[in-house]
Student: 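Before I ask anything, here is the structure I am working with.
Throughout, a chain's letter reflects where its sequence line sits, starting with A, and its residues are numbered from 1.
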Number of protein chains: 2
Amino acid sequence: MIKLLLADDQALVRGAMAALLDMEDDLKVVAEVGRGDEVVDAALAHEADVALLDVEMPGMDGVSAARDLHRALPSCKVLMVTTFGRAGYLRQAMAAGAGGFIVKDTPARQLADAVRRVHQGLRVVDPALAAQSLAQGDSPLTDREADVLRSARDGGTVADIARELHLSDGTVRNHLSSAIGKTGARTRAEAVRLAVDNGWLLS
Amino acid sequence: MIKLLLADDQALVRGAMAALLDMEDDLKVVAEVGRGDEVVDAALAHEADVALLDVEMPGMDGVSAARDLHRALPSCKVLMVTTFGRAGYLRQAMAAGAGGFIVKDTPARQLADAVRRVHQGLRVVDPALAAQSLAQGDSPLTDREADVLRSARDGGTVADIARELHLSDGTVRNHLSSAIGKTGARTRAEAVRLAVDNGWLLS
DNA sequence: CCCGCACCGTGACATCTGTCAGGGTCTACT
DNA sequence: AGTAGACCCTGACAGATGTCACGGTGCGGG
């Protein structure tokens, strides 16, 4: 009997996936959490064998949670189950020790198999997504450029970003300009969108 | 036996919800679709009693699908099940003839009850969301302002928007300025974010 | 040690944006 | 008929933005 931990911020989806997985004879959901920072404690308390983690969660993102969990309980495999097939997410999730990565677009009947494979130590990755991730390469942004883009996400002015990051206006403009150049965008907003779509703004 | 139609673009979520609902003795999922423009046909073909619709879907948004479905098959009740509790979505969904509106944050065990209530003709609405919707009022944006904001979403320049909408640069700037003023934003990007968050950019 | 590179800052420049004041057409309502 | 409001355009202006050139600081690898 494989013991499962479910982590997803949407209670309805979480419960529905629990119902789906509990229908399998060899699987059992032993814990459900709605926040990233509750993953490790729950996994330890219930000795989970496989953890299904969403990427977008309050408290802590799923990739960071996977990293912590991999350290705290190496026997527990991780299967990332996420809405967005961002290549950057996949890359970072694998680096964080995840055993599999599937998007919520995949047919429901494949989920149980994916769990079993991850439990056996096999890697489960969407082929199309893997190809995209390989072709696209790693994030071209420096840490600071990513910081600035993150701060620019909610639409503030240069002055707002400078205040938030304790930088000079000019420095913020330089980082933005550099990020715009690297992403091939023509606008700050476009650069933000591209970086988000590629999953470059996680950590 | 209440016959259900599920519409959600994420196959995994759709299948999981089907599993959850099929566990109830009086409910049966008779059809699943992944696109908004397939809702009406599927509902007619299977004579669904209740349709669970997501708002964000390819092909056609869930609110428009609800409107069409309400016309084509008035006996079929609609329960919107969506990720984002945007007040504007709720308002437009109810105007489109939806019988209920719940977010995916709600506990899984409440879903079956919500379906039954909607089937009986009762209204099911998240109280907090209803209050927010009432307090916030309707969209202050004119059609054109919404168009311009929609076109500004992907971060293009004024010239890009003007080309896309066959308008003059100055007119676009005027609409943007007006939208910025009405939303209380200080930047185009901020105005876009606010409008999206409030669900003002649907149709 | 020296080089490259990320990082922080300054100053200057052309361009883009957001705002304002106009003036025009159309529709809907009184 | 008159009024109000959405819609489109023009022109002008201050301020914000994106770009460039430049100098300076650390840190790691060759």
Student: Rounding to a whole Å, what distance do you find between Leu141(A):CG and dC7(C):C1'?
Tutor: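 One finds 15 Å between C1' of dC7(C) and CG of Leu141(A), rounded.
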
Student: Of the non-hydrogen atoms in Gly15(A) and Ala108(B), which two are nearest, and what is the gap between them?
Tutor: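 Shortest heavy-atom contact: CA-CB, 3.6 Å.
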
Student: Send over the distance from Arg186(B) CZ to dG15(D) P, rounded to a whole Å.
Tutor: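 Distance, rounded to whole Å: 16 Å.
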
Student: Starting from P on dT10(D), measure out to CZ on Arg173(B) and report it in whole angstrom.
Tutor: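 Rounded to the whole Å, the gap is 11 Å.
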
Student: Output the single nucleotide from dG18(C), dG9(C), dC7(C) whose closest atom is nearest the side chain of Ser177(B).
Tutor: dG18(C)

Student: Quickly work out the Glu145(B) CD to dG18(C) P distance and round it to whole Å.
Tutor: 14 Å

Student: Between dC5(C) atom P and Lys182(A) atom NZ, what is the distance in whole Å?
Tutor: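 Roughly 11 Å, once rounded to whole Å.
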
Student: I need the single residue from Val192(A), Leu194(A), Asn198(A) that forms a side-chain contact (heavy atoms from CB on, under 4.5 Å) with Val196(A). Which is it?
Tutor: Val192(A)

Student: Ignoring hydrogens and angles, are the base of dT17(C) and the side chain of Asp169(B) linked by a donor-acceptor pair under 3.5 Å?
Tutor: no

Student: Closest nucleotide of DNA chain D for Val172(B) versus for Thr187(B): which of these residues is on the 5' side?
Tutor: Val172(B)

Student: Kindly say if Ser168(B) contacts the phosphate of dC8(D), meaning a side-chain N or O under 4.0 Å from OP1 or OP2.
Tutor: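 Ser168(B) to dC8(D) OP1/OP2: no side-chain N or O under 4.0 Å.
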
Student: Please report the distance, rounded to the nearest Å, between CD1 in Ile180(B) and P in dA16(D).
Tutor: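 Distance check: Ile180(B) CD1 to dA16(D) P gives 13 Å.
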
Student: Decide salt bridge (Lys or Arg N to Asp or Glu O under 4.0 Å) for Lys104(B) and Asp54(B); before the verdict, give the C-alpha distance in whole Å, the side-chain angles of both, and the deciding distance to 0.1 Å.
Tutor: CA-CA 10 Å; Lys104(B) 288 182 179 172; Asp54(B) 194 358; 3.5 Å; yes

Student: dC8(D) phosphate, OP1 or OP2: any side-chain N/O from His175(B) under 4.0 angstrom?
Tutor: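 For dC8(D), OP1 or OP2 has a side-chain N or O of His175(B) closer than 4.0 Å.
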
Student: Please report the closest heavy-atom contact between Gly199(A) and Gln92(A), naming both atoms and the distance.
Tutor: O-NE2, 3.7 Å

Student: Grab the two heavy atoms, one from Val172(B) and one from Ala162(B), that are nearest each other, plus how far apart they are.
Tutor: CG2-CA, 3.7 Å

Student: Take the protein atom CZ of Arg144(A) and the nucleotide atom C1' of dG9(C), then report the distance between them rounded to whole Å.
Tutor: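 So the CZ-C1' distance, Arg144(A) to dG9(C), works out to 13 Å.
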
Student: Does Asn174(A) make a side-chain donor-acceptor contact with the base of dC20(D), cut-off 3.5 Å?
Tutor: yes

Student: Round to a whole Å and report the spacing from CG of Leu176(A) to C1' of dG9(C).
Tutor: 15 Å

Student: Please classify the nucleic acid contact of Thr142(B) as base, sugar-phosphate, or nothing, using heavy-atom distances under 4.0 Å.
Tutor: sugar-phosphate

Student: Looking across every strand, which nucleic acid part, if any, lies under 4.0 Å from Asp143(A) by heavy atom: base, sugar-phosphate, or nothing?
Tutor: sugar-phosphate

